[in-house]
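Input: a single structure, listed below in structure tokens.
Numbering of ligands and ligand atoms starts at 1, following listing order. Note that the numbering runs from 1 along the sequence shown for the chain.
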Amino acid sequence: MVTGGAGFIGSNFIRYVFENTDFKGRIVNYDKLTYAGNIKNLDDISDRYLNSRYFFIKGDICDYKKVFSTLEEYDIDAIINFAAESHVDRSILLPEDFIKTNINGTFFLLEAGVKHSKSKKHFRFHHISTDEVYGSLGKTGYFYETTPYSPRSPYSASKASSDHLVRAYHHTYGLDATISNCSNNYGPYQFPEKLIPLTIINAIEGKDISVYGDGKNVRDWLYVTDHCSAIWLMIKKARAGETYNIGGECEMENIKIVKAICSELESLYPSKNNPFLKDKKYEDLIRFVKDRPGHDRRYAINCDKIKKELGWKQSYDFSNGIKETVKWYLNNKDWIESIKSGDYKKWIKKNYNNR
Ligand code: NAD
Ligand code: TYD
């Protein structure tokens with residue numbers, strides 16, 4: 001059972017498992033379909049496998065009864081928990097949803113997992129987490145699996161809390177649980193609230209590209225299918241109770257990311273051919289704006305452990321990953337339109353306009 005499988009990483013993971021592994025079983029995608037969940041992210045997989053090897057259940061992870069009955073009905077062997085509220089900016093404006101889904105939701109999933117696992121010989125709970133639980137780095141140093149937690153945004157605090165619950169359920173109730181803490185992902189199907197897809201879409205539409213503060217905050221970027229391959233390896237090989245860091249080993253300042261996107265767009269869709277740009281270049285759209293409150297300065301992952309112990313490595317470097325990503329958004333304008341015309345706008349209106 002993949003929770004949050006209609007979101008960015010979850011949908012890429014489901015596709016990865018069907019297309020790139022020897023998996024012969026069934027996948028249940030359990031998703032509440034919030035503004036960030038889009039069932040269309042898996043149209044290709046539905047066409048091939050719906051109700052034979054791929055099943056969709058619209059449900060909330062906070063709904064214990066529904067989670068438990070799904071585990072029982074489909075005789076689930078593993079939960080891979082992607083379901084979360086995932087955007088830092090949104091957590092600053094509306095922390096409550098983050099507490100509900102990321103903390104309470106993980107708790108209900110764990111409870112249901114413990115009960116269900118009693119009748120199973122093998123059952124695994126894999127929890128997807130973030131490097132943001134470790135806090136913020138100065139100019140040097142890395143996050144290791146042993147780095148103490150020091151979350152600094154409502155989002156990262158809620159993820160840290162869920163990680164602690166997962167570890168507690170392993171130690172206290174013997175649940176076979178594992179955790180992965182990954183750096184920033186990018187690639188196809190990412191919701192355009194995060195830096196990379198938002199920049200690409202704004203640039204294509206000739207809108208301002210916002211860079212927070214001085215643009216020198218650093219993130220460690222990983223192409224999404226490399227995250228998926230690491231999770232798959234962990235499900236197959238990691239021992240119960242283990243945590244692995246996953247990262248791109250690709251630290252970049254935000255301003256460099258934004259400029260790299262502009263330059264990729266200039267070669268794939270030159271500004272002179274884009275009617276929204278008129279006489280401008282893509283880079284002319286960049287604007288430095290007010291900084292995010294409590295903005296973490298630098299994240300950098302040390303992922304030697306998963307490389308050494310499980311033999312994982314990244315397949316994409318930033319230059320081929322960003323080329324694939326920009327191409328995907330250029331070739332999937334219908335997807336962009338479906339997002340923009342959907343519930344997202346209503347949600348923003350309802351929730352943000354009152355703050
Ligand atoms: P996303 O926002 O694109 O997708 C989240 C999915 O969860 C959506 O389909 C949404 O409908 C679903 N969901 C939300 N609340 C739910 C609930 N209460 N019950 C059931 N489903 C619910 O997020 P993403 O970027 O794909 O991230 C997936 C996971 O990976 C999250 O746990 C996130 O913390 C973690 N993560 C993300 C990144 C990143 O760069 N995006 C990096 C490291 C870790
Ligand atoms: P984001 O994609 O929101 O991921 P996270 O906050 O989880 O790292 O942001 C990545 C970086 O880009 C972060 O330092 C904030 C910055 N940023 C901008 O400069 N402009 C933007 O419009 C957005 C969304 C983010």
Report each N/O pair between ligand 1 and the protein that falls under 3.5 Å, naming both atoms.
unit_1: ligand 1; atom_1: 2 (O); unit_2: Ser86; atom_2: OG; d: 2.7
unit_1: ligand 1; atom_1: 3 (O); unit_2: Phe8; atom_2: N; d: 3.0
unit_1: ligand 1; atom_1: 9 (O); unit_2: Gly7; atom_2: N; d: 2.9
unit_1: ligand 1; atom_1: 9 (O); unit_2: Asp31; atom_2: OD1; d: 3.3
unit_1: ligand 1; atom_1: 9 (O); unit_2: Asp31; atom_2: OD2; d: 2.6
unit_1: ligand 1; atom_1: 11 (O); unit_2: Asp31; atom_2: OD1; d: 2.6
unit_1: ligand 1; atom_1: 11 (O); unit_2: Leu33; atom_2: N; d: 3.4
unit_1: ligand 1; atom_1: 11 (O); unit_2: Thr34; atom_2: N; d: 3.0
unit_1: ligand 1; atom_1: 11 (O); unit_2: Thr34; atom_2: OG1; d: 3.2
unit_1: ligand 1; atom_1: 18 (N); unit_2: Asp60; atom_2: OD1; d: 2.9
unit_1: ligand 1; atom_1: 18 (N); unit_2: Thr101; atom_2: OG1; d: 3.0
unit_1: ligand 1; atom_1: 19 (N); unit_2: Ile61; atom_2: N; d: 2.9
unit_1: ligand 1; atom_1: 21 (N); unit_2: Lys32; atom_2: N; d: 3.1
unit_1: ligand 1; atom_1: 23 (O); unit_2: Ser86; atom_2: OG; d: 3.2
unit_1: ligand 1; atom_1: 26 (O); unit_2: Phe8; atom_2: N; d: 3.3
unit_1: ligand 1; atom_1: 26 (O); unit_2: Ile9; atom_2: N; d: 2.7
unit_1: ligand 1; atom_1: 32 (O); unit_2: Phe82; atom_2: O; d: 3.2
unit_1: ligand 1; atom_1: 32 (O); unit_2: Lys159; atom_2: NZ; d: 2.7
unit_1: ligand 1; atom_1: 34 (O); unit_2: Tyr155; atom_2: OH; d: 2.7
unit_1: ligand 1; atom_1: 34 (O); unit_2: Lys159; atom_2: NZ; d: 3.1
unit_1: ligand 1; atom_1: 40 (O); unit_2: Asn185; atom_2: N; d: 2.9

Is [Y] paired with [X] through a side-chain N to carboxylate O contact shorter than 4.0 Å?
| X | Y | answer |
| --- | --- | --- |
| Asp214 | Arg297 | yes |
| Glu85 | Arg90 | no |
| Lys120 | Asp75 | yes |
| Glu205 | Lys340 | yes |

Polar proximity ligand 2 side, [X] side, N/O cut 3.5 Å exclusive:
| X | answer |
| --- | --- |
| Arg219 | yes |
| Glu132 | yes |
| Asp89 | no |

Show me which atoms of ligand 2 lie under 4.0 Å from any heavy atom of [X].
| X | answer |
| --- | --- |
| Val88 | 6 (O), 7 (O) |
| Leu198 | 22 (O) |
| Val211 | 19 (O) |

- Examine the proximity of ligand 2 to Asn184 and report which part, side chain or backbone, both or neither, has a heavy atom under 4.0 Å away. side chain
- Message: Tell me whether the rings of Trp221 and Tyr186 are parallel (<30°), tilted (30 to 60°) or perpendicular (>60°).
- Response: perpendicular
- Kindly write out the residues that satisfy salt bridge (Lys or Arg N to Asp or Glu O under 4.0 Å) with Lys216, not counting sequence neighbours, or none if the list is empty. none
- Message: According to salt bridge (Lys or Arg N to Asp or Glu O under 4.0 Å), who are the partners of Asp334, at least two apart in sequence or on a separate chain?
- Response: none
- Query: Say you draw a straight line from OG of Ser180 to CD of Glu242; how long is it, rounded to the nearest 0.5 Å?
  - Reply: 12.0 Å
Residue and atom name of the nearest protein heavy atom (relative to [atom]), distance in Å to one decimal:
| atom | result |
| --- | --- |
| atom 2 (O) of ligand 2 | Leu195 N, 2.8 Å |
| atom 16 (C) of ligand 2 | Asn254 ND2, 3.4 Å |
| atom 22 (O) of ligand 2 | Ser210 O, 3.4 Å |

With respect to [atom], which of [options] exhibits the smallest heavy-atom separation?
| atom | options | result |
| --- | --- | --- |
| atom 21 (C) of ligand 2 | Tyr212, Tyr299, Phe191 | Tyr212 |
| atom 3 (O) of ligand 2 | His87, Glu193, Lys194 | His87 |
| atom 9 (O) of ligand 2 | Arg287, Arg292, His295 | Arg292 |

- Please list, chain by chain and in numerical order, all residues satisfying side chain to side chain contact (heavy atoms under 4.5 Å, CB included) with Asn20, sequence neighbours excluded. Tyr16
- Quick one: do the Tyr329 and Asn332 side chains pair a donor with an acceptor below 3.5 Å? no
- Task: Mark yes or no for whether Gln314, through its side chain, and Leu222, through its backbone, hold a donor-acceptor pair below 3.5 Å.
- Result: no
- Can you check whether Gly25's main-chain N or O pairs, donor with acceptor, with Arg53's side chain at less than 3.5 Å? yes
